[in-house]
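Remember, predicted model here, so these are calculated numbers, not experimental data. Each chain gets a letter, A, B and so on, in the order its sequence line appears, and its residues count up from 1.
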Protein chains: 2
Amino acid sequence: MTIHLTDTGDNAALKACTHEYQVSCGNCRLNSICLPLALESDDIQQLDDIIQRSKPLQKSQHLYREGDDFQSVYAVRSGTLKAYKTTDDGREQVTGFYFPGEILGMDGISNNSHASSAKALETVAVCEIPFTSLEKLSTLMPNLQRHFFQLMSREITEDQQLITLLSKNSADERVASLMLSISTRNARRKLSSTQFRLPMSRVDIGNYLGLTVETVSRVFSRMQKMDILLVDNKEIEILDVDSLRRMANLSA
Amino acid sequence: MTIHLTDTGDNAALKACTHEYQVSCGNCRLNSICLPLALESDDIQQLDDIIQRSKPLQKSQHLYREGDDFQSVYAVRSGTLKAYKTTDDGREQVTGFYFPGEILGMDGISNNSHASSAKALETVAVCEIPFTSLEKLSTLMPNLQRHFFQLMSREITEDQQLITLLSKNSADERVASLMLSISTRNARRKLSSTQFRLPMSRVDIGNYLGLTVETVSRVFSRMQKMDILLVDNKEIEILDVDSLRRMANLSA
DNA sequence: TTACCTTCTTGACTTGAATCAAGGCAGGCA
DNA sequence: TGCCTGCCTTGATTCAAGTCAAGAAGGTAA
């Protein structure tokens, strides 16, 4: 039996998941994001068979920790996670935020142990994809192999975007870019691209963007004063996308 | 016929490559870096068959450019390359340096077009690995598939290291880290870990580390004054590794 | 050899973001 | 209801790295 997953909005994690573990990839409304593949229905069945849909994670619980044995990669079904590394001197570096449909954990493949930790920013449901099964299946399904090569390659290019952002852009540009990125990712999930609730704290934003909390806060205030954003704590409304784009210094 | 590659030192590119195209992976002295695999000799033969060893690139020539169709990934045989992206406002962001035994070009997989450009910093010889052949071979050789998953995962974790460096560390720490990284990579190739010639300019170093040339130059001067490094233009000698490590703020 | 050009270094000054410090606000709990 | 406690904001000050400017050193070509 499969049940259609009716809502994967960020607050719907519990509702969506406690009773609806048995979603299949074929039915999942996120499959266009996480599995944009020309797979035969038979293939999808095989993939479904290896994927484990376990009970949801509560806010601030870890999906995995840096140094844990690497077993699986994970697709986010609902909710948001942050990935972070702890530096040698004990500070934290947020390396990414993961929204529904996105896949995390691939940095663990190289050493057979997770290179970063993943923590739920709110209630989260994930699909667990055991990596050895995925490898075996990939040798049988060239499309799937290619898909995972592409996913990892995308992660590389996204990291390179972040490197450029950190290396070249001002505080304003960094915050503007993150807002645009979240906006785009919401649009992909058919959610509003102009109004959303930030799942992460100012500290996390600052940490991700290489800025202090105070700077992040000041940038938000400035953008509000310029009528680019409407900021009410974590609720964000983009009032002027064009100005935001200009501020982010991105032509695309 | 295969000829043993006698020298892959950075200046030996021309000598090594104009007459010695026919090296095989089985004989290549870099294979412990680029192919640390338990492959049967028959497997290695199959891999050899798809790899193309073309004529060397001269300094400042491009191996590929951002936006080029993605066909292959490349293993560096001798010499050094830099990878860089051009930002929307026309500036350059160096995303990595690639030394002999290292593999580049994997960021092109996700879009079937190269996400960055690769330019020779000196005379360079590469092994070209056509990606579609590699994919096919990977479905037949699970070890090879796993190896490429691992290589890509390593690229991700290295990018995350750089993100952390850019986001959290001072100019001194960044330059110290790069010197240690180059030192380590030299050691892997059985070259001196304490004395080497930087293949890249100060501009490239600054660009990679998110610093200006002037700052890079000042850091080198400071390190020289502290008897940590001996700097003579591009010739570097590490006088005090422990202090350099302390300066880089890395316990490892 | 000189002349030119690029790359590197050093100094003086400026500036954007960090730090330090104080208060405000919202949500949870007694 | 009111009081914590943990976020978030705002202001004043400091500082690390950027900018601007000048000159030195190294490589290349005539």
What are the two closest non-hydrogen atoms of B:Ile205 and B:Leu178, and how far apart are they?
CG2-CD2, 3.8 Å

Hey, what are the protein-to-nucleotides 5-8 of chain D N/O distances that come in under 3.5 Å?
{"unit_1": "D:dC8", "atom_1": "OP2", "unit_2": "A:Arg202", "atom_2": "N", "d": "2.9"}

Could you state the atom-to-atom distance from CD1 of A:Ile205 to C1' of D:dT9 in whole Å?
14 Å

N/O to N/O distances under 3.5 Å, protein versus nucleotides 17-20 of chain D:
{"unit_1": "D:dA17", "atom_1": "OP1", "unit_2": "B:Ala171", "atom_2": "N", "d": "2.8"}
{"unit_1": "D:dG18", "atom_1": "OP1", "unit_2": "B:Gly210", "atom_2": "O", "d": "3.4"}
{"unit_1": "D:dG18", "atom_1": "OP2", "unit_2": "B:Thr212", "atom_2": "N", "d": "3.3"}
{"unit_1": "D:dG18", "atom_1": "OP2", "unit_2": "B:Thr212", "atom_2": "OG1", "d": "3.1"}
{"unit_1": "D:dG18", "atom_1": "OP2", "unit_2": "B:Thr215", "atom_2": "OG1", "d": "2.5"}
{"unit_1": "D:dT19", "atom_1": "O4", "unit_2": "B:Arg218", "atom_2": "NH2", "d": "2.8"}
{"unit_1": "D:dC20", "atom_1": "N4", "unit_2": "B:Glu214", "atom_2": "OE2", "d": "3.1"}

Applying side-chain hydrogen bond (donor to acceptor under 3.5 Å, both in side chains), name anything that partners A:Glu173, two or more places apart in sequence or on another chain.
A:Asn169, A:Ser170, A:Asn249

Will you find, in the side chains of B:Arg185 and B:Ser181, an N or O donor that is under 3.5 Å from an N or O acceptor?
yes

Exercise: do A:Gln93 and B:Lys168 side chains pair donor with acceptor under 3.5 Å
yes

Net bend of the helix from C:dT1-D:dA30 to C:dA30-D:dT1, end axes of five pairs each, nearest 10 degrees:
30°

Whole-Å distance separating the CG atom of B:Asp232 from the P atom of D:dG26
7 Å

So which pairs with a foot in residues 224-233 of chain B pass side chain to side chain donor-acceptor pair (under 3.5 Å), sequence neighbours left out?
none

Give me the first and last nucleotide of DNA chain C, going 5' to 3', that has any atom under 4.0 Å from a heavy atom of chain A.
C:dA17 to C:dC20

Which pairs, with at least one residue in residues 199-223 of chain B and sequence neighbours excluded, count as a salt bridge (charged side-chain N to carboxylate O under 4.0 Å, His left out)?
B:Lys82-B:Asp204, B:Asp172-B:Arg222

What residues form a side-chain hydrogen bond (donor to acceptor under 3.5 Å, both in side chains) with A:Asp68, not counting sequence neighbours?
none

Taking only residues two or more places apart in sequence, or in another chain, which ones meet B:Asn111 in a side-chain contact (heavy atoms from CB on, under 4.5 Å)?
B:Ser113

In chain order, what residues pass the salt bridge (Lys or Arg N to Asp or Glu O under 4.0 Å) check against A:Glu128, with sequence neighbours excluded?
none

For the pair B:Arg189 and B:Glu102, find out whether any cationic side-chain nitrogen is under 4.0 Å from an anionic carboxylate oxygen.
no

For A:Cys34, side-chain contact (heavy atoms from CB on, under 4.5 Å) partners two or more places apart
A:Ala75

Would you find more than 12 non-hydrogen atoms of other residues, nucleotides or ligands less than 6.0 Å from B:Lys59 atom NZ?
no

Salt bridge (Lys or Arg N to Asp or Glu O under 4.0 Å) involving A:Arg154 - partner list, sequence neighbours excluded
none

